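Everything quoted here is computed from the prediction, not taken from an experiment. In what follows, chains are A, B, ... by sequence order, proteins preceding strands, each numbered from 1.
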Amino acid sequence: MSTVTRFAPSPTGYLHIGGLRTALFSWLTARHHDGTFRLRIEDTDLSRNSSEAMAAIIRAFDWVGLNYDGEVVYQSQRFDLYREYIDRLLDEGKAYRCYMPREELDTLREAQMARGERPHYDGRYRDFTGTPPEGIDPVIRIKAPQEGTIVIDDGVKGRIEIAADEVDDFIIARSDGTPTYNFVVAIDDALMEMTDVIRGDDHLYNTPKQLVIYEALGLTPPRFYHVAMINNEQGKKLSKRDGATDVMEYKTQGFLPEALLNFLVRLGWSHGDQEIFSLEEMIALFDPKDINKSASSYNLDKLLWLNAHYIKAKPDAELIELLKAFDVDLSTHPKATEILTATKERGKTLVELAEQIRLITEAPTTYDEKAAKKAFKGEAVDILKDFAFRLYKNQPKTQETFHDEMQRLVQDREIGFGKIGMPLRVSLLGSMTGAGMDEVMVILGVEETIARIEKAIAALA
RNA sequence: GGCCCCUUCGUCUAGUGGUUAGGAUCCCAGGUUUUCAUCCUGGUUACAGGAGUUCGAGUCUCCUAGGGGUCACCA
């Protein structure tokens, strides 16, 4: 039997990293077995749908490179299909109409809670045979088993037993006739022939309900894997501030999709001591049975480290393309390769990398105050002028010859390297840190190097 | 509150009865670098607590504590 998995978001918001991770786990499971990965939109609550959210989810999938098979399934377009199954359950006496008004249900629940009981429907219409009350559109409830236990054989958590009386005769169709979540999930997972369902463990308590549907309809349930949540760095529920943001936000913050995916796959899953996984390796090695039981915390440092790793490994041509979105266009720059080798290792994100590059490609307009003060003292200006003159006279062209100029200068003047290094650095880049001077000067060329030195002297001396 | 799940360095994790409890990140120190970053080397830090089973327990059982989830005509 071929493996079929799915990701089934509800279009009520953007895709965040928790969702992306379960999508990734599902996708990897399918790809590992050469199976099928489906995308299904859980939009049965017509009043809560947002086509923008829908588009955002697909955009995010696209960015990270998770491809799905077949057409996207929209549950809102399958109501007729669900209706057939509801009618069948009604005909077979496995479901029934409940005429209890919503308000009455509410007061019942309040009373139960006041008594310290678990709020639940009391089953008053379960065996109702009388004349239905006038003017009420009934909901349809399923007859859940009233005794015994419901067993979930979870691929992550193991065997979980839940007492049947924990499960109410829950509603499978609203009074307006539309079906509800737990019902359609079970129907679609069965009809779409899901073999493995990987989802957040906030769905764990939906599972017995869905199992009731499978049972009533004589359908075979898939294997379930309930994955623990991702918390923030403080171990609390993820909020917008710390990672529950739109996945696309990571793109604008300069993260590479391979870094994000690598980061997420290691949250709740591991393969020995391995930290770096290419997509191919993930597919080859991922097995949902290795998913951890416990919740994990989001850790920005690790994501940043991974991102730096993938930036360093990225071919220049691809980096040049990606950098365009961050106001850096090196595509026609004659020294693009040199610029990238000088800066690649200095940015944890594309945003930082772009800043590093701009330091070189754009002459500084301001100078770091502390750096300038420290560097431009004593004979610094004199040394810079001397150096500029030497450059003009000897016209070095390579990293080595530029380096020789500096070397000779410190020898001739019998000074330390820092005496030229610091003021030169501030002159060329505006700050005390950054790429190597030889590298920078080769990129700038003699003319621009001298121009920046003169500009700095004018501004700081 | 009922029910269910979870608990190894700050964080991500390895570990399936016998290990000096390993790796990664972070942090610190040293080296490389004229600077910074990278890179290399080294270091600090963990089995939530308590009983039990066993020659021996992070690993098995029970209890406690803490954290989380869930109890909708939301998904």
Side-chain angles (χ1 to χ4, degrees), chain A residues 8-12 42-45 47-48 75 98 100 102 105-106 109 112-113 115-121 137-141 152 154 156-158 160-163 165-168 170-182 184-185 200-208 226 228-229 231 233-237 263 266-276 292-306 308 312 343-348 352 356 371 375 403 406-407 410 416-422 424-426 429 431-438:
Chain A
S10 61
T12 49
E42 314 255 308
D43 54 355
T44 54
D45 187 349
S47 62
R48 287 168 43 125
Q75 293 187 318
C98 170
M100 187 174 186
R102 206 183 298 229
L105 226 197
D106 289 342
R109 275 199 272 256
Q112 287 164 334
M113 283 200 283
R115 269 178 277 142
E117 292 172 19
R118 180 181 70 87
H120 65 282
Y121 172 67
D137 292 323
V139 298
I140 296 168
R141 291 179 180 274
I152 305 168
D154 192 86
V156 174
K157 312 262 188 193
I160 298 165
E161 292 186 23
I162 290 165
D165 61 13
E166 285 289 320
V167 178
D168 289 357
F170 60 94
I171 293 171
I172 58 175
R174 302 181 181 90
S175 46
D176 66 1
T178 57
T180 59
Y181 172 74
N182 281 119
V184 296
V185 166
D201 74 357
D202 49 334
H203 284 286
L204 192 58
Y205 249 58
N206 288 141
T207 310
H226 288 98
M229 306 276 91
N231 295 324
E233 310 209 32
Q234 287 71 241
K236 298 291 179 194
K237 200 170 174 174
F263 172 68
R266 287 286 288 100
L267 249 36
W269 178 83
S270 60
H271 183 260
D273 285 340
Q274 188 168 346
E275 295 288 347
I276 306 290
N292 281 163
K293 291 167 189 264
S294 51
S296 42
S297 290
Y298 177 88
N299 180 220
L300 186 61
D301 282 330
K302 195 134 187 187
L303 210 208
L304 251 9
W305 172 72
L306 247 8
K312 277 178 271 178
T343 54
K344 235 181 192 181
E345 294 176 349
R346 296 164 198 282
K348 288 187 192 303
E352 289 179 9
Q356 288 293 327
H403 184 78
M406 291 180 77
Q407 196 68 53
V410 298
F417 232 115
K419 286 272 189 262
I420 174 65
M422 284 200 294
L424 183 59
R425 172 171 302 284
V426 171
L429 301 178
S431 94
M432 203 74 129
T433 64
M437 286 295 92
D438 312 339

Participant: Which nucleotide, if any, forms a Watson-Crick or G-U wobble pair with rA48(B), using both distances under 3.5 Å?
Facilitator: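 Paired with rU64(B).
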Participant: Watson-Crick or G-U wobble partner for rC55(B), using a 3.5 Å limit on both distances?
Facilitator: rG18(B)
Participant: Ring centroids only, cut at 6.0 angstrom: are Tyr121(A) and Phe170(A) within range, meaning strictly under it?
Facilitator: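 No, the ring centres sit 6.0 Å or more apart.
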Participant: Rounded to whole Å, how long is the line connecting atom CD1 of Ile160(A) with atom C1' of rC3(B)?
Facilitator: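 Checked: the CD1 to C1' distance equals 12 Å.
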Participant: Heavy atoms only, 4.0 Å cut-off, all strands: where does Gly116(A) land among base, sugar-phosphate and nothing?
Facilitator: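 Here Gly116(A) touches the backbone only, sparing every base.
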Participant: With sequence neighbours excluded, what pairs up with Tyr181(A) under the ring pair (Phe, Tyr, Trp, His ring centres under 6.0 Å) test?
Facilitator: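 His203(A).
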Participant: Kindly indicate whether the side chain of Arg266(A) and the base of rU13(B) share any N or O donor-acceptor pair separated by less than 3.5 Å?
Facilitator: no
Participant: Once you apply a heavy-atom cut-off of 4.0 Å, does Glu42(A) come out as touching a base, just sugar-phosphate, or nothing?
Facilitator: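 Glu42(A): backbone/sugar contact only, no base atoms under 4.0 Å.
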Participant: Round to the nearest Å and state the distance from Glu275(A) atom CD to rA14(B) atom P.
Facilitator: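 It works out to 11 Å between those atoms.
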Participant: Is there a side-chain contact between Lys312(A) and the phosphate of rC39(B), meaning an N or O under 4.0 Å from OP1 or OP2?
Facilitator: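 True: Lys312(A) side-chain N/O within range (under 4.0 Å) of rC39(B) OP1/OP2.
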Participant: Does a side-chain N or O from Thr433(A) land closer than 4.0 Å to OP1 or OP2 of rA37(B), or not?
Facilitator: no
Participant: Hey, does Lys419(A) reach any base, or is it just sugar-phosphate, or nothing, if we go heavy atoms under 4.0 Å?
Facilitator: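 Nothing, no nucleic acid heavy atom in range.
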Participant: Are His403(A) and Asp438(A) close enough that a side-chain donor and a side-chain acceptor fall under 3.5 Å?
Facilitator: yes
Participant: Tell me whether the side-chain N/O atoms of Asn182(A) come closer than 4.0 Å to OP1 or OP2 in rA72(B).
Facilitator: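 Result: no.
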Participant: Tell me what Ser10(A) touches on the nucleic acid: a base, only sugar-phosphate, or nothing, going by heavy atoms under 4.0 Å.
Facilitator: sugar-phosphate
Participant: Examine the side chains of Ser294(A) and Asn292(A) and answer whether a donor and an acceptor come within less than 3.5 Å of each other.
Facilitator: no
Participant: Taking the P atom in each of rC4(B) and rU13(B), what is the distance between them to the nearest angstrom?
Facilitator: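 Roughly 25 Å separates the two P atoms.
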Participant: Verify the contact: side-chain N or O of Thr12(A) to OP1 or OP2 of rC74(B), cut-off strictly under 4.0 Å; return yes or no.
Facilitator: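 No.
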Participant: Return the 5'-most residue of the pair Asn231(A), Pro9(A) with respect to RNA chain B, ranking by each residue's nearest nucleotide.
Facilitator: Asn231(A)
Participant: Hey, does Lys236(A) reach any base, or is it just sugar-phosphate, or nothing, if we go heavy atoms under 4.0 Å?
Facilitator: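 It contacts sugar-phosphate atoms only.
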Participant: Under 4.0 Å, counting only non-hydrogen atoms across every strand here, what does Thr178(A) touch: a base, just sugar-phosphate, or nothing?
Facilitator: nothing
Participant: Of the candidate nucleotides rC12(B), rU38(B), rG2(B), which contains the atom at the shortest distance from the side chain of Lys302(A)?
Facilitator: rC12(B)
Participant: Can you tell if the side chain of Asn206(A) reaches within under 4.5 Å of the side chain of Val185(A), non-hydrogen atoms only?
Facilitator: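 No, every pair of side-chain atoms sits at 4.5 Å or beyond.
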Participant: Taking side chain as C-beta onward, heavy atoms only, is Arg174(A) less than 4.5 Å from Thr44(A)?
Facilitator: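 With C-beta onward as the side chain, the pair touches.
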Participant: Check whether any side-chain nitrogen or oxygen of Ser296(A) sits under 4.0 Å from OP1 or OP2 of rU13(B), and answer yes or no.
Facilitator: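 Answer is yes, contact under 4.0 Å.
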Participant: Please evaluate the base of rG2(B) for a donor-acceptor partner in the side chain of Glu117(A) within a cut-off of under 3.5 Å?
Facilitator: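 Result: no qualifying N/O pair found.
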Participant: Nearest whole angstrom, please: distance from the C1' of rG10(B) to the CG of Asp301(A).
Facilitator: 10 Å
Participant: So does Asp43(A) reach the base of rA75(B) with its side chain, donor to acceptor, closer than 3.5 Å?
Facilitator: no
Participant: Which nucleotide sits closest to the side chain of Arg174(A): rG23(B), rU70(B), rC73(B)?
Facilitator: rC73(B)
Participant: Does Lys344(A), at its NZ atom, have more than 12 non-hydrogen atoms belonging to other residues, nucleotides or ligands within less than 6.0 Å?
Facilitator: yes
Participant: Please state whether the base of rC3(B) and the side chain of Tyr205(A) form at least one donor-acceptor pair under 3.5 Å?
Facilitator: yes
Participant: Given the P atoms of rG49(B) and rG66(B), what is the spacing between them in whole Å?
Facilitator: 15 Å
Participant: Over all strands shown, is Gly347(A) touching base, sugar-phosphate only, or nothing at heavy-atom distances under 4.0 angstrom?
Facilitator: nothing
Participant: Which listed nucleotide (rU35(B), rC6(B), rU11(B)) is nearest to the side chain of Arg425(A)?
Facilitator: rU35(B)
Participant: Using only side-chain N and O atoms of Arg118(A), determine if any of them is under 4.0 Å from OP1 or OP2 of rG1(B).
Facilitator: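 Looking at the OP1 and OP2 atoms of rG1(B), neither is under 4.0 Å from any side-chain N or O of Arg118(A).
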Participant: May I ask you to say what Met437(A) touches in the nucleic acid, namely base, sugar-phosphate or nothing, with a heavy-atom cut-off under 4.0 Å?
Facilitator: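 Met437(A): base contact, heavy atoms under 4.0 Å.
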Participant: With P as the reference atom in both, quote the distance from rG23(B) to rC62(B) in angstrom, rounded to an integer.
Facilitator: 33 Å
Participant: Which of these nucleotides, rC73(B), rC71(B), rC5(B), is closest to any side-chain atom of Arg141(A)?
Facilitator: rC73(B)
Participant: Which nucleotide, rG10(B), rC26(B), rG69(B), lies nearest any side-chain atom of Lys237(A)?
Facilitator: rG69(B)
Participant: Just how far, in rounded Å, is P of rU13(B) from CG of Leu303(A)?
Facilitator: 14 Å
Participant: Between Trp305(A) and His120(A), who's closer to the 5' end of RNA chain B by nearest nucleotide?
Facilitator: Trp305(A)
Participant: Any chance you could lay out the salt bridge (Lys or Arg N to Asp or Glu O under 4.0 Å) test for Arg118(A) and Asp168(A), step after step, and finish with the verdict?
Facilitator: CA-CA 11 Å; Arg118(A) 180 181 70 87; Asp168(A) 289 357; 3.4 Å; yes
Participant: Kindly indicate whether the side chain of Asp273(A) and the base of rG22(B) share any N or O donor-acceptor pair separated by less than 3.5 Å?
Facilitator: yes
Participant: Should rG2(B) form a Watson-Crick or G-U wobble pair with both distances under 3.5 Å, which nucleotide is its partner?
Facilitator: rU70(B)
Participant: Would you mind telling me which of rU35(B), rC74(B), rG2(B) lies closest to the side-chain atoms of Asp45(A)?
Facilitator: rC74(B)
Participant: Tell me which nucleotide among rA75(B), rA37(B), rU11(B) gets nearest to the side chain of Glu345(A).
Facilitator: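 Comparing rA75(B), rA37(B), rU11(B) against the side chain of Glu345(A), the answer is rA37(B).
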Participant: Given that both distances must come in under 3.5 Å, which nucleotide forms a Watson-Crick or G-U wobble pair with rU25(B)?
Facilitator: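 Per the H-bond distance test, rG10(B).
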Participant: Between rC4(B) atom P and Lys293(A) atom NZ, what is the distance in whole Å?
Facilitator: 15 Å
Participant: Where the side chain of Ser294(A) is concerned, which of rU38(B), rC6(B), rC12(B) is the nearest nucleotide?
Facilitator: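 Out of rU38(B), rC6(B), rC12(B), the nucleotide with an atom closest to Ser294(A)'s side chain is rC6(B).
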Participant: Counting the atoms with a prime plus P, OP1 and OP2 as sugar-phosphate, which does Leu424(A) contact under 4.0 Å by heavy atoms, base, sugar-phosphate, or nothing?
Facilitator: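 Contact class for Leu424(A): none.
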Participant: Using the P atom on both, measure rA21(B) against rU59(B) and round to a whole Å.
Facilitator: 14 Å
Participant: Scan Asn206(A) against the nucleic acid and name what it touches under 4.0 Å (heavy atoms): base, sugar-phosphate only, or nothing.
Facilitator: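 Counting heavy atoms under 4.0 Å across all strands, the contact made by Asn206(A) includes a base.
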Participant: Remember a base hit wins even if backbone is also touched, and classify Ala173(A) as base, sugar-phosphate or nothing at under 4.0 Å, heavy atoms.
Facilitator: nothing
Participant: Would you mind telling me which of rC36(B), rC4(B), rG10(B) lies closest to the side-chain atoms of Arg346(A)?
Facilitator: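 The nucleotide sitting nearest to the side chain is rC36(B).
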Participant: Between rC73(B), rG1(B), rC12(B), which one does the side chain of Pro119(A) approach most closely?
Facilitator: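 The listed nucleotide nearest to Pro119(A)'s side chain is rG1(B).
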Participant: Record whether the side chain of Ser175(A) comes under 3.5 Å of the base of rC73(B) through a donor-acceptor pair of N or O atoms.
Facilitator: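 Counting by modelled atom types and ignoring angles, a donor-acceptor contact under 3.5 Å is found here.
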Participant: Any heavy-atom pair between the side chains of Met432(A) and Met422(A) that's under 4.5 Å?
Facilitator: yes
Participant: Rounding to an integer number of angstrom, what distance separates rC9(B) and rG22(B) when you compare their C1' atoms?
Facilitator: 12 Å
Participant: How long is the span from the CZ atom in Phe417(A) to the CG atom in Leu424(A), to the nearest 0.5 Å?
Facilitator: 10.0 Å
